[in-house]
Student: 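The structure under discussion is supplied below as structure tokens; questions concerning it will follow.
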Amino acid sequence: MSEVYYLNNIKSPSDIKNYSDEQLLELAQEIRQVLIKTVSSNGGHLASNLGAVELTIAIHKCFDSPNDKIVWDVGHQIYTHKLLTGRYDKFSTLRKEGGISGFSRPDESEHDTFYSGHSSVSISSAYGVACANDIKKHDNYTVAVIGDGSLTGGLVYEALNNAGRSKSKLIIILNDNKMSISQNVGSVARYLAVTRSKKRYVRMKDRMEKFLSKIPFVGVKLANFAFKLKTDLKNLIYKSTMFEDMGIRYMGPIDGHNIEQMCEAMETAKSIEGPVLLHVNTVKGKGYDFAEKSPSLFHGISNFDVDTGEPKNKGVSFGGEFGELMCKMAEKDKRICLITAAMTLGTGLERFSKSFGERFFDVGIAEEHAVTFSSGLSKGGMLPVFAVYSTFLQRCYDQIVHDGALQKQKLVLAIDRAGFVGDDGETHNGLYDVSFLSSIPDITIYSPSTYDEMKIAFGDAFYRSEGVVAVRYPRGGEYEIPEDYTPSLKAYDFYGEESDTLIVTYGRPFGCACGALKILKEQGVDAGVLKLNRIRPIDAGAIDVAMKAKRIFFFEEGVRSGGIGEKLAATLLQNGYKGEYNLTAIEDCFVKQASVPALMAKYGLSREKIAEKIFENKQ
């Protein structure tokens, strides 16, 4: 990597205001080198960030952050923004414990307006800020930066529908790196797109409309005729006026790697009264050949070799095992359908999508629709499986209640990334699904610790459970499973020695609990582990095992409030339990980024912390 010159001298966006066009291009190249080097070491989102380098430079060249608020959708395209807002000296800590986040965080910088991590929210948030500026008579701009993929989320259209009625200084920048929003082709369309993005064109058009409307008797008709003629011509060339139909001025598409052209378009957008949508075309993975050729693989990636593009840490994972299992089960049962919300690769369903295309549905970033759509598939006689990250399932609460459980539809939720996710931090940890799903009547929840248990759980979900069934599993692979442990087909298992001390847990912490038994044995403490395979409803046999123990220690990789640990405690109390009950779970907080092992230790779930907790409470 060549010497870093510009970024060492950039402490705020104002530092690039006077850069020449040549300097900005050199800055863009320097930023790309830093992005590739850092992500190859730390992991993160690479392709989307490489595609947004020039776009971000143009935004900070034209707008005055933090006075002008920039709202990033998802935030996985925000790395250049971090570098231009004085965080280069900390950029090597990206996604590391105690380091800077891979997403935007207001507590990290005044230039980060909102926390970001989930899709399709930027326009709603930005419109709210713009309206607040209107009320307070502030003259600042609000900019929402949103990717084309986020347009598959329904919240976007709710926001556009409302924003289109306003006169707020809201500028929406659509970073289009995949979809063809406007199906325009050819040099004429490109020329007109650039022309319509110039200030003099906008001024001339507005003056002409005002002039025509003032002509006595026929002025208004002439103005309306000219507007209709212009619109018809534009429709003929562009074939898309969706945004303008909603009351939002549309500009573009503009070359998202031409800083000069984008700056001119942004200055024009600032001169227009009311909301504007600036459509820019970018290349995902721009500047790194491997990422340009395989943008999906480099969307979110672990550390990799820069020279080959190959990930350094390959291995079996729950997501990969899930995908293979679904292929095998779908081959035997023609009713099985898979649904995902723009997460085909992330949920391990690439092979399924190719092998069973007619039974695979990627609905885009529309998790709520995915659940209700799955309910419809179920009503039609299919066996739908919605594969979704735990953090994104949070969007679906109403649909699970109303369109799933209430309707008594057979719907399987395959919940990936359950528990700690590590370096993605607060917005992505899957710590809430058990709590909110457990509040819904008639839902069954499985939480396997091993690949074999996951296979058993899905068999139960398909053929031995009714209604809505959730099977949740962690990110990555199996975690510290003892060699002498063999899963059963029961709703619970027991491992260790029968004694007065009982550890109860489920999912990933099971391996840690088993490891704690060895440590306790060395300290002269005997204990056993009650492993819940089906965590809701808890099997009556598991209750009987717990009732016999004098001391129970429950360890849960999820929030304490409404979790299984609390529910077991209530059940035992109702059954007259007189012993000691100790619960370790995630208290009332949002868990920040760190490696999974570090988080397991920090929140008392590692083998050492479990053993320490029990030994400290030894009577």
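Any value given below was found using the heavy atoms of this structure, including those in side chains, with hydrogens, waters and symmetry copies removed. Residue numbers start at 1 and run along the sequence shown.
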Student: Could you check whether any side-chain N or O of Lys410 sits under 3.5 Å from a backbone N or O of Phe462, counting only pairs where one atom can act as donor and the other as acceptor?
Tutor: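 Indeed, once roles are kept as given, a pair shorter than 3.5 Å links the two residues.
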
Student: Between Phe298 and His45, is the gap from one ring center to the other below 6.0 Å?
Tutor: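 When the ring centroids of Phe298 and His45 are compared, they turn out to be at least 6.0 Å apart.
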
Student: Determine whether more than 12 heavy atoms belonging to other residues, nucleotides or ligands lie under 6.0 Å from atom OH of Tyr157.
Tutor: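 Atom OH in Tyr157 is crowded, with more than 12 foreign heavy atoms closer than 6.0 Å.
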
Student: Are the side chains of Asp112 and Asp107 in contact, using a 4.5 Å heavy-atom criterion?
Tutor: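 No; the side chains remain at least 4.5 Å from each other.
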
Student: State, without any angle test, whether Thr444 and Ser465 hold a side-chain donor-acceptor pair at a distance under 3.5 Å.
Tutor: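 No.
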
Student: Only pairs at least two apart or in different chains count here, so list each ring pair (Phe, Tyr, Trp, His ring centres under 6.0 Å) that has a residue in residues 508-553.
Tutor: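 Counting only pairs at least two positions apart or across chains, the ring pair (Phe, Tyr, Trp, His ring centres under 6.0 Å) contacts touching residues 508-553 are Tyr485-Phe510.
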
Student: Picking from Tyr115, Phe103, Phe590, what satisfies ring pair (Phe, Tyr, Trp, His ring centres under 6.0 Å) with His428?
Tutor: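 The residue from Tyr115, Phe103, Phe590 that satisfies ring pair (Phe, Tyr, Trp, His ring centres under 6.0 Å) with His428 turns out to be Phe103.
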
Student: Do other residues, nucleotides or ligands put more than 12 heavy atoms under 6.0 Å from the NZ atom of Lys334?
Tutor: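 Yes, the 6.0 Å shell around NZ holds more than 12 heavy atoms from other groups.
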
Student: Have Asn42 and Asp423 got a donor and an acceptor in their side chains that come within less than 3.5 Å?
Tutor: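 Short answer, no.
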
Student: Within the distance-only criterion (no hydrogens, no angle test), does the side chain of Gln407 pair as donor or acceptor with the backbone N or O of His402 below 3.5 angstrom?
Tutor: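 Yes.
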
Student: With ring centroids as reference points, do Tyr473 and Phe322 lie under 6.0 angstrom apart?
Tutor: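 So the answer is yes for these two rings.
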
Student: Just by distance, no angles: are the side chains of Thr391 and His118 close enough, under 3.5 Å, to form a donor-acceptor pair?
Tutor: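 Distance-only check passes for Thr391 and His118.
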
Student: Using a cut-off of 6.0 Å, state whether more than 12 heavy atoms not belonging to Gln523 lie near its atom CD.
Tutor: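 Above 12, so yes.
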
Student: Between Ser41 and Asn303, does any side-chain donor sit less than 3.5 Å from a side-chain acceptor?
Tutor: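 Side chains of Ser41 and Asn303: no pair found under 3.5 Å.
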
Student: Taking atom NZ of Lys609 as the centre, does the number of heavy atoms from other residues, nucleotides or ligands within less than 6.0 Å exceed 12?
Tutor: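 No, not enclosed.
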
Student: Would you say the side chains of Thr501 and Arg551 form a donor-acceptor pair under 3.5 Å?
Tutor: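 Side chains of Thr501 and Arg551: pair found under 3.5 Å.
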
Student: Answer yes when Arg534 and Asp460 have at least one side-chain N-carboxylate O distance shorter than 4.0 Å, and no when they do not.
Tutor: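 Salt bridge flag = no for Asp460 with Arg534.
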
Student: Any side-chain donor paired with an acceptor under 3.5 Å for Ser116 and Ser104?
Tutor: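 Judged by distance alone, the side chains do pair up.
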
Student: Report yes or no: does Ser435 contribute a side-chain atom to a donor-acceptor pair with the main-chain N or O of Tyr432 at less than 3.5 Å?
Tutor: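 Here the side-chain-to-backbone pair does not exist.
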
Student: Does a donor on one side chain sit under 3.5 Å from an acceptor on the other, for Lys567 and Ser438?
Tutor: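 Ser438 and Lys567 do not have a side-chain donor-acceptor pair below 3.5 Å.
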
Student: Would you say the side chain of Lys531 lies within less than 4.5 Å of the side chain of Thr505, judging by non-hydrogen atoms?
Tutor: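 No, every pair of side-chain atoms sits at 4.5 Å or beyond.
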
Student: For the backbone of Ser353 and the side chain of Arg359, can you confirm whether one donor and one acceptor N or O come within less than 3.5 Å of each other?
Tutor: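 No; judged by distance alone, with no hydrogens or angles, the pair does not exist.
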
Student: Should the pair Glu426-Arg105 be classified as a salt bridge under the 4.0 Å nitrogen-to-oxygen rule?
Tutor: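 Salt bridge flag = yes for Arg105 with Glu426.
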
Student: For a ring pair (Phe, Tyr, Trp, His ring centres under 6.0 Å) check, start with the C-alpha distance between Tyr451 and Phe318, then their side-chain angles and the critical distance, and finish with the verdict.
Tutor: CA-CA 7 Å; Tyr451 304 139; Phe318 275 98; 4.9 Å; yes

Student: Salt bridge or not for Glu522 and Lys518, using N-O below 4.0 Å?
Tutor: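 Between Lys518 and Glu522 there is no salt bridge, as every charged N stays at least 4.0 Å from the carboxylate O atoms.
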
Student: Can you see whether Asp73 engages Ser122 through a side-chain donor-acceptor pair at a distance of less than 3.5 angstrom?
Tutor: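 Yes, Ser122 and Asp73 have a side-chain donor paired with an acceptor closer than 3.5 Å.
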
Student: Quiz question: by atom type and distance under 3.5 Å, do the side chains of Tyr446 and Glu453 form a donor-acceptor pair?
Tutor: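 No pair is found: no donor N or O on one side chain lies under 3.5 Å from an acceptor on the other.
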
Student: Using modelled atom types and a 3.5 Å cut-off, is there a donor and acceptor pairing between side-chain atoms of Asp362 and backbone atoms of Ala342?
Tutor: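 Between the backbone of Ala342 and the side chain of Asp362 there is a qualifying donor-acceptor contact (under 3.5 Å).
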
Student: Between Ser375 and Asp403, is there a donor-acceptor pair closer than 3.5 Å when you use the side chain of the first and the backbone of the second?
Tutor: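 Such a contact is found between Ser375 side chain and Asp403 backbone.
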
Student: Is the closest side-chain heavy-atom distance between Tyr577 and Lys548 below 4.5 Å?
Tutor: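 No - every pair of side-chain heavy atoms lies 4.5 Å or more apart.
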
Student: Is the positively charged end of Lys82 above the ring of Tyr79, judged by distance under 6.0 angstrom from the centroid and angle within 45° of the axis?
Tutor: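 Because its charged atom misses either the 6.0 Å distance or the 45° angle limit, Lys82 does not stack over Tyr79.
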
Student: Between the side chain of Thr344 and the main-chain N/O of Leu349, is any donor-acceptor distance below 3.5 Å?
Tutor: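 Here the side-chain-to-backbone pair does not exist.
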
Student: Can you confirm whether Gln394 is buried at CD, in the sense that more than 12 heavy atoms of other residues, nucleotides or ligands lie under 6.0 Å from that atom?
Tutor: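 Yes - once you tally the heavy atoms of other residues, nucleotides and ligands closer than 6.0 Å, there are more than 12.
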
Student: Using a distance-only test with no angle check, is there a side-chain donor-acceptor pair under 3.5 angstrom linking Asp433 and Ser390?
Tutor: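 The answer is yes; a qualifying pair exists.
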
Student: Got a sec, which residues hit side chain to side chain contact (heavy atoms under 4.5 Å, CB included) with Asn575, two or more places apart in sequence or on another chain?
Tutor: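 For Asn575 the side chain to side chain contact (heavy atoms under 4.5 Å, CB included) partners, ignoring immediate neighbours, are Ile543, Met547, Thr571.
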
Student: Going by the angle between their ring planes, with limits at 30° and 60°, are Phe436 and Tyr397 parallel, tilted or perpendicular?
Tutor: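 Judged by the thresholds at 30° and 60°, the geometry between Phe436 and Tyr397 is perpendicular.
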
Student: Main chain of Gln593, side chain of Arg95: is a donor-acceptor contact present, judged purely on distance under 3.5 Å?
Tutor: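 Side chain of Arg95 to backbone of Gln593: no pair is present.
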
Student: Is there side-chain contact between Arg508 and Ser449, with heavy atoms separated by less than 4.5 Å?
Tutor: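 A side-chain contact under 4.5 Å is absent here.
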
Student: Taking everything shown except Glu587 itself, do over 12 heavy atoms lie less than 6.0 Å from its CD?
Tutor: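 It does: Glu587 CD has more than 12 such atoms within range.
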
